[in-house]
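Beneath this line is the structure, given in structure tokens, with notes to follow.
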Amino acid sequence: MLITKQFEATTETEIIKRIKEGEIDLFEILVRRNNPFLYKIGMSYGYSHQNVEDLMQEAFIAAYLNLNKFEQRSSFKTWITKIMLNQCYHKAQRMSFKKEKTASTNSEKTISDFENLQSVDGFKKIISRELSHVIEDAIIHMPLDYRMVLSLRELNGMSTAETAEVLDISEENVKVRLNRAKQLLKQRLEKIYEPKEIFEFNLVYCDAIVYRVMKAITARS
């Protein structure tokens, strides 16, 4: 945590510049700053806590390995979000293919991690309020297009323009999907939700991801 506090006021542009110049340790700052966003994206996609952590690690490593290609036309948050969404999408495709292959040789029902929405180990122990459980369940069962717009706009605080860029859709489409997502939530909820408490990313998880990512990129350097 010391390195994070030391560079707390340092701009993202300066941090990335110094990482590119060889100060690899500073990548930890980018990991810590963006951990909560990626976690909410992965959880909103419907994966288990463990799968989300693995996807986050893969996304950060991919970002580090391609950092020289990052031209900073958009924020690092937008860029890493695109990478995370890409990881989530391809994992879903792999799991879908695996399910189809299994079904062709075995008539037994196959339940994948993506379908098993109750396998969020440890996650429900973190959030105690019953309202949060209800909201998380409502979001997970929402159609993916609406779910991801809600996650990016409401849970991760992205602007309409940033969300449109990340999902490669129009800003008007973002607004339409967000309104529909909120309507779906209202159908299942009677109380107002608190976005910061949904899919909370605990500090213990943050430290673990930082350790895994920094160990991996150090080994590659």
Identify the two heavy atoms, one from [X] and one from [Y], that lie closest to each other, and give their separation to 0.1 Å.
{"X": "R33", "Y": "T10", "value": "NH2-O, 3.0 Å"}
{"X": "N156", "Y": "P36", "value": "OD1-O, 4.1 Å"}
{"X": "M158", "Y": "T163", "value": "CB-OG1, 3.6 Å"}
{"X": "V174", "Y": "V149", "value": "O-CG1, 3.6 Å"}
{"X": "T13", "Y": "Q72", "value": "CA-NE2, 3.4 Å"}

With rounding to the nearest 0.5 Å, note down the distance linking [atom1] in [X] to [atom2] in [Y].
{"X": "F60", "Y": "N35", "atom1": "CZ", "atom2": "CG", "value": "4.5 Å"}
{"X": "C206", "Y": "M56", "atom1": "SG", "atom2": "CE", "value": "7.5 Å"}
{"X": "I16", "Y": "E23", "atom1": "CD1", "atom2": "CD", "value": "13.5 Å"}
{"X": "R32", "Y": "M214", "atom1": "CZ", "atom2": "CE", "value": "10.0 Å"}
{"X": "L152", "Y": "F37", "atom1": "CG", "atom2": "CZ", "value": "11.0 Å"}
{"X": "R177", "Y": "L144", "atom1": "CZ", "atom2": "CG", "value": "9.0 Å"}

Looking only at atom types and distance, does a side-chain atom of [X] sit under 3.5 Å from a main-chain N or O of [Y], one as donor and one as acceptor?
{"X": "E14", "Y": "T11", "result": "no"}
{"X": "N179", "Y": "K175", "result": "yes"}
{"X": "S151", "Y": "R147", "result": "no"}
{"X": "Y47", "Y": "A92", "result": "yes"}

Which residue in the set I80, V166, L38 passes side-chain contact (heavy atoms from CB on, under 4.5 Å) when paired with L85?
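With L85 as partner, I80, V166, L38 yield a single side-chain contact (heavy atoms from CB on, under 4.5 Å), made by V166.
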
- Please indicate whether Y64 has more than 12 foreign heavy atoms, meaning atoms of other residues, nucleotides or ligands, lying under 6.0 Å from its OH.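 Enclosed: over 12 neighbouring heavy atoms sit under 6.0 Å from OH of Y64.
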
| said: Are there over 12 heavy-atom neighbours, none belonging to F70, within less than 6.0 Å of that residue's CZ? | reply: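 Yes - once you tally the heavy atoms of other residues, nucleotides and ligands closer than 6.0 Å, there are more than 12.
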
Check: Any idea how F76 and F27 line up, ring-wise: parallel (<30°), tilted (30 to 60°), or perpendicular (>60°)?
Finding: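 Perpendicular, since the angle between the ring planes exceeds 60°.
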
Worksheet item: Does some side-chain heavy atom of Y45 sit less than 4.5 Å from a side-chain heavy atom of V52?
Response: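 When only atoms from C-beta onward are counted, Y45 and V52 do not touch, as no gap falls below 4.5 Å.
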
How about W79 and L67: do any of their side-chain heavy atoms sit closer than 4.5 Å?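 Counting from C-beta outward, W79 and L67 do come under 4.5 Å.
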
Q) So Q50 and D54, side chain to side chain contact (heavy atoms under 4.5 Å, CB included) or not? Walk me through it. A) CA-CA 6 Å; Q50 184 58 56; D54 291 342; 3.2 Å; yes

